[in-house]
Colleague: 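I'd like to ask some things about the structure below.
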Amino acid sequence: MWRDKDRTPQERADALLAEMTLEEKTAQLVGVWVGTTDEGAEVAPHQHDMEDPVQLGDLLPYGLGQLTRPFGTAPVDAALGALALLRAQRRIAGANRFGIPALAHEECLAGFATWGATAYPIPLSWGATFDPALIQDMAAAIGRDLRAVGVHQGLAPVLDVVRDARWGRVEETIGEDPYLVGTIGTSYVRGLESAGIVATLKHFAGYSASRAGRNLAPVAMGPRERADVILPPFEMAVRESGARSVMHAYTDTDGIPSAADERLLTGLLRETWGFDGTVVADYFGIAFLKTLHGVAGSLDEAAARALTAGVDVELPTVKAFGEPLRRAVRDGLVPQALVDRAVRRVLTQKAQLGLLDADWDPVPPALAGRAEEAEGDADRPEAGTDAADPRGTVDLDTRANRALARRVAERAVVLLHNDGTLPLTADAAPARIALIGPNADVPTAVLGCYSFPVHVGTQHPHKPLGIELPTVREALAAEFTGSEIVSAPGTSVDCRDTDGFAAAAQLARGADLVIAALGDRAGLFGRGTSGEGCDAGSLALPGAQQELLDTLLDTGTPVIVTLLAGRPYALGSAATRAAAVVQTFFPGEEGTRALASVLSGRVAPSGRLPISVPKLPDAQPATYLAARLGHTSDVSSVDPAPAFGFGHGLTYTTFTWSELDVAAEEAGTDGEFALACTVRNTGTRTGTEIVQLYLHDPVASVVQPEQRLIGYVRLELAPGAAARVRVTVPADLASFTGRDGRRIVEPGELHLRLSASSTDPRLTARLRLTGEARTVDHGRRLHPEFRVEHLPLP
């Protein structure tokens with residue numbers, strides 16, 4: 001019956017489960033880390049630094065749940081990788097008595113993380129676009145590439161809300177606001193799932209709130225912060241996107257590790273929100289219950305705690321859910337019913353993916369119709385010379401992909417400051433440009449730590465990057481063909497080397513304009529200034545870059561500061577002294593071209609900050625969501641005010657906001673408000689304004705942030721054009737977690753601010769909710785409703 005496609009996936013899973021032994025069941029709950037080969041041979045176990053070797057021959061007779069990163073382990077041609085995965089799947093299915101293949105997963109945080117695939121902008125750039133539809137299109141393209149070569153699951157998106165910008169993984173997040181993270185992240189999931197890829201929400205929950213921004217540090221967070229800041233993006237994605245997997249976080253909150261938190265993984269996620277997919281372990285996270293958290297004395301206990309909490313699949317390889325879990329069942333530490341629960345979820349998902357079908361075929365779409373020929377050619381000693389050789393036949397960096405990456409990168413460029421120097425139009429382009437900075441001539445300066453060339457490629461220095469990565473210098477030379485461009489690094493990204501300052505200053509003084517190319521170098525575990533395990537003690541520019549920037553400013557030549565970074569940095573006096581400041585967050589393979597086109601004015605800047613830029617590097621890191629006591633005050637010598645606040649971004653035109661209309665100033669706690677305003681482009685260029693809606697609750701029963709984003713809409717307007725923006729705001733959006741832990745809507749005064757950023761309110765409606773306090777649940781409305789009416793030109 002489990003082969004019968006007319007049965008429901010749940011019925012098929014139950015039928016198969018009833019025939020399995022304990023060994024066969026637990027085999028479905030683990031992955032094995034494998035790597036494809038340059039010859040297209042079957043994928044082989046990957047000897048990871050933290051793990052013992054895996055003997056596939058001993059495992060496969062019982063089956064296998066997942067294959068970990070077959071494409072993301074070493075640089076391999078996509079066609080040969082697909083061929084290797086095909087062969088591995090045949091072996092896996094042929095070795096177990098039910099013929100069940102494995103589910104293959106890959107990283108896809110900024111594109112499919114494999115050799116030769118398009119490197120899209122990082123998630124902070126997604127947030128900077130304030131454009132969910134564009135991010136959905138990008139995710140769909142990523143999903144199609146994954147599916148084409150036989151991958152089933154993508155380990156993205158990251159829905160962590162930034163709480164401390166010193167955290168190295170800030171680059172992997174979408175921003176510091178839960179509504180922005182939720183809407184952009186949910187759209188990414190929709191795109192990935194539309195291509196048939198299982199999207200994985202991570203890291204559930206609270207990883208980004210670790211103390212002092214240190215990776216894997218304990219989380220000191222109360223239940224309201226967790227409920228009102230950390231959890232909403234996950235809830236939105238579960239309710240609205242069709243996400244089929246969730247990954248637990250490494251961290252512990254108030255002493256409870258996420259991997260062992262039954263109230264979180266089962267009580268909230270499944271019983272309250274209704275999630276019915278699989279919960280997978282963050283890599284090695286189950287064993288960490290023993291080795292890092294100390295809540296288990298053995299791997300048997302760790303397996304029992306994780307399974308009981310609701311973790312279904314151990315990744316990346318077999319550790320706790322192998323023999324330790326079987327011992328835990330035999331010794332009575334965990335009932336076999338919990339094993340069955342997890343296996344049922346895994347098999348249900350495999351049925352949904354077609355992996356249990358009688359006519360299941362391991363040949364991926366990219367090799368359809370030529371798999372047999374490709375296998376024969378790959379086996380030839382002279383492979384690579386024959387016209388039918390599969391190498392190079394699968395393109396994961398198509399022209400369409402690059403065009404999409406370009407659109408995302410362009411919309412993510414944020415113009416922070418401009419004294420009128422920008423744009424550098426053809427009639428205003430300087431004759432001599434001095435391009436100075438450590439990121440001026442580094443191809444990988446546009447990539448985050450989970451892009452393949454950085455994440456894996458650095459371990460294979462003799463292998464080509466696999467994609468075209470124009471440097472800032474090359475992009476500027478192509479954009480400003482009438483300008484002479486001279487360049488110097490001045491210093492390195494992270495060393496306090498000042499030997500190049502004098503030469504840099506000399507170049508600057510002899511130029512008409514300086515473009516400073518500053519920022520980060522992505523890496524892993526201390527090998528970069530941004531990325532996993534690359535936490536910062538300060539938000540000063542890494543190395544001697546601030547001193548270099550000050551030196552350039554002192555030359556008297558106008559300086560345009562450009563940043564290719566994974567987090568925001570304080571810029572000192574450059575925030576006001578520079579001619580312009582342009583922020584990008586690792587904008588991907590088309591990022592330098594996007595940056596150059598914005599500098600020239602060929603593309604109008606439309607990005608907005610998904611995270612505040614600090615004024616001082618060592619001020620207590622805080623987001624704009626701080627309560628009143630978290631903002632600037634006379635009782636502290638530390639000023640946490642940002643240089644540029646969340647949502648900030650300039651354009652090359654001007655807008656006026658007017659004609660605020662409020663249908664009614666009062667509504668019940670179960671009602672809604674209707675607002676409208678007119679936005680007009682009063683400049684001479686087409687531009688984009690982003691209307692951001694913030695809620696301020698002057699008096700509440702528990703302390704609230706000074707304001708929080710509850711909605712936004714993008715407007716593109718031609719010169720002189722105007723739009724009437726109407727928005728309906730349900731009272732549900734004023735809800736928060738009350739004293740007793742329940743989510744409530746309270747009566748009282750509310751301010752709804754129609755703003756250009758968190759620091760630039762344009763129109764404010766002062767309203768009142770009436771009636772009794774109302775308890776709301778997880779069926780509440782999550783969004784305002786925007787309607788845009790474009791008005792006729794005057």
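No hydrogens, no waters, no symmetry mates; every other heavy atom, side chains included, goes into these values. The first residue of the sequence shown is numbered 1, and numbering continues consecutively from there.
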Colleague: Given Asp732, which partner from the list Arg781, Arg774, Arg780 fulfils the salt bridge (charged side-chain N to carboxylate O under 4.0 Å, His left out) test?
Modeller: Arg774

Colleague: Any side-chain donor paired with an acceptor under 3.5 Å for Ser612 and Glu176?
Modeller: yes

Colleague: Val729 and side-chain contact (heavy atoms from CB on, under 4.5 Å): which partner among Ile710, Leu695, Leu750?
Modeller: Ile710

Colleague: Using atom types as modelled and distance alone, determine if a side-chain donor or acceptor of Thr68 lies under 3.5 Å from a backbone N or O of Pro316.
Modeller: yes

Colleague: Run the salt bridge (Lys or Arg N to Asp or Glu O under 4.0 Å) test on Lys319 and Glu314 for me, step by step, so that the C-alpha distance in whole Å, both residues' side-chain angles and the decisive distance to 0.1 Å come before the verdict.
Modeller: CA-CA 8 Å; Lys319 191 72 172 176; Glu314 180 179 27; over 6 Å; no

Colleague: Might you work through the salt bridge (Lys or Arg N to Asp or Glu O under 4.0 Å) test for Asp261 and Arg226, ending with a clear yes or no?
Modeller: CA-CA 14 Å; Asp261 191 343; Arg226 190 185 214 189; 3.6 Å; yes

Colleague: Surrounding CD of Glu749 (heavy atoms of other residues, nucleotides or ligands, distance under 6.0 Å), is the total greater than 12?
Modeller: yes

Colleague: Checking side-chain contact (heavy atoms from CB on, under 4.5 Å) for the pair Val280/His105: CA distance, chi angles, key distance, verdict?
Modeller: CA-CA 11 Å; Val280 301; His105 76 256; over 6 Å; no

Colleague: Asp535 side chain to Gly168 main-chain N or O, any donor-acceptor pair under 3.5 Å?
Modeller: yes

Colleague: Starting at CG of Leu307, measure out to CD1 of Ile286 and round the result to the nearest 0.5 Å.
Modeller: 8.0 Å

Colleague: Tell me whether Thr266 contacts the main-chain N or O of Arg263 through its side chain, where contact means a donor paired with an acceptor under 3.5 Å.
Modeller: no

Colleague: Hey, mind stepping through Leu609 and Phe646 against side-chain contact (heavy atoms from CB on, under 4.5 Å) and telling me if it holds?
Modeller: CA-CA 5 Å; Leu609 283 176; Phe646 171 84; 5.7 Å; no

Colleague: Nearest 0.5 Å, please: how far is OG1 in Thr200 from CG in Leu155?
Modeller: 5.0 Å

Colleague: For the SG atom of Cys534 and the CZ atom of Arg166, what is their distance to the nearest 0.5 Å?
Modeller: 15.5 Å

Colleague: Can any side-chain N or O of Thr669 pair as donor or acceptor with the backbone N or O of Glu772 at less than 3.5 Å?
Modeller: yes

Colleague: Using distance alone, with no hydrogens and no angle criterion, decide if Asp252 and His293 have a side-chain donor and acceptor under 3.5 Å apart.
Modeller: yes

Colleague: With sequence neighbours excluded, what pairs up with Thr251 under the side-chain contact (heavy atoms from CB on, under 4.5 Å) test?
Modeller: Tyr207, Val219, Ala249

Colleague: Ion pair present between Arg753 and Asp697, side-chain N to carboxylate O less than 4.0 angstrom?
Modeller: no

Colleague: With sequence neighbours left out, which residue pairs that include part of residues 624-642 fulfil the salt bridge (Lys or Arg N to Asp or Glu O under 4.0 Å) condition?
Modeller: Lys615-Asp639, Arg628-Glu706

Colleague: Please answer whether the main-chain N or O of Ile256 pairs with a side-chain N or O of Thr253 as donor and acceptor at a distance below 3.5 Å.
Modeller: no

Colleague: Quick one, Arg521 with Asp494, criterion salt bridge (Lys or Arg N to Asp or Glu O under 4.0 Å). Give me CA distance, side-chain angles, the key distance, then yes/no.
Modeller: CA-CA 8 Å; Arg521 183 185 69 253; Asp494 55 348; 2.9 Å; yes

Colleague: When rounded to the nearest 0.5 angstrom, what is the spacing between CG in Leu769 and CD in Glu672?
Modeller: 12.0 Å

Colleague: Is there a donor-acceptor contact under 3.5 Å linking the side chains of His783 and Glu240?
Modeller: yes

Colleague: Looking at Cys449, is its backbone amide N or carbonyl O close enough to the side chain of Glu171 to form a donor-acceptor pair, meaning the two atoms are under 3.5 Å apart?
Modeller: yes

Colleague: Identify, with sequence neighbours excluded, every residue that meets salt bridge (Lys or Arg N to Asp or Glu O under 4.0 Å) alongside Arg608.
Modeller: Glu689

Colleague: Does a donor on one side chain and an acceptor on the other come within less than 3.5 Å for Asp160 and Thr173?
Modeller: no

Colleague: Can a donor-acceptor pair be found, under 3.5 Å and without considering hydrogens, that links the side chain of Thr737 to the backbone of Gly741?
Modeller: no

Colleague: Would Ser245 and Asp312 count as a side-chain contact (heavy atoms from CB on, under 4.5 Å) here? Give the steps.
Modeller: CA-CA 10 Å; Ser245 189; Asp312 301 312; over 6 Å; no

Colleague: Run the numbers on Leu264 and Ser258 for side-chain contact (heavy atoms from CB on, under 4.5 Å), then give the verdict.
Modeller: CA-CA 7 Å; Leu264 177 71; Ser258 293; 4.1 Å; yes

Colleague: Can you list every side-chain hydrogen bond (donor to acceptor under 3.5 Å, both in side chains) pair that touches residues 181-191, not counting sequence neighbours?
Modeller: Thr183-Tyr712

Colleague: Quick check on the 6.0 Å ring-centre criterion: do His455 and Tyr450 meet it?
Modeller: yes

Colleague: For Asp254, does the CG atom sit with more than 12 other heavy atoms under 6.0 Å from it, leaving out its own atoms?
Modeller: no

Colleague: Does the pair Arg244/Glu193 count as a salt bridge with the N-to-O cut at 4.0 Å?
Modeller: yes

Colleague: Does any N or O in the side chain of Arg239 come within less than 3.5 Å of the main-chain N or O of Leu782, such that one atom is a donor and the other an acceptor?
Modeller: no

Colleague: Strictly by salt bridge (Lys or Arg N to Asp or Glu O under 4.0 Å), give each pair with a member in residues 288-311 just once, sequence neighbours left out.
Modeller: Asp300-Arg327

Colleague: Using the ring pair (Phe, Tyr, Trp, His ring centres under 6.0 Å) criterion, which residues pair with His751? Sequence neighbours excluded.
Modeller: His696

Colleague: Rounded to the nearest 0.5 Å, what separates atom CG in Asp177 from atom OG1 in Thr623?
Modeller: 8.5 Å

Colleague: Anything under 30° is parallel, anything over 60° is perpendicular, the rest tilted; go ahead and classify Phe288 against Tyr250.
Modeller: tilted

Colleague: We want to know whether Ser758 and Gln707 form a side-chain donor-acceptor pair, criterion being a heavy-atom distance below 3.5 angstrom.
Modeller: no

Colleague: If you compare all heavy atoms of Phe275 against all heavy atoms of Val246, which two are closest, and at what distance to 0.1 Å?
Modeller: CZ-CG2, 3.8 Å

Colleague: Tell me whether Asp282 contacts the main-chain N or O of Gly285 through its side chain, where contact means a donor paired with an acceptor under 3.5 Å.
Modeller: no

Colleague: Side chain of Arg211, backbone of Pro218: donor and acceptor closer than 3.5 Å?
Modeller: no

Colleague: Ignoring hydrogens and geometry beyond distance, is a side-chain donor-acceptor pair present between Gln692 and Ser755 at under 3.5 Å?
Modeller: no

Colleague: Any side-chain heavy atom of Tyr569 within less than 4.5 Å of one from Pro617?
Modeller: no

Colleague: Might you work through the salt bridge (Lys or Arg N to Asp or Glu O under 4.0 Å) test for Glu532 and Arg214, ending with a clear yes or no?
Modeller: CA-CA 10 Å; Glu532 185 173 0; Arg214 293 182 60 249; over 6 Å; no

Colleague: Can a side-chain donor-acceptor contact be found between Thr770 and Glu666 if the only test is distance below 3.5 angstrom?
Modeller: no

Colleague: To the nearest 0.5 Å, what is the distance between CZ on Phe586 and CG on Leu563?
Modeller: 11.0 Å

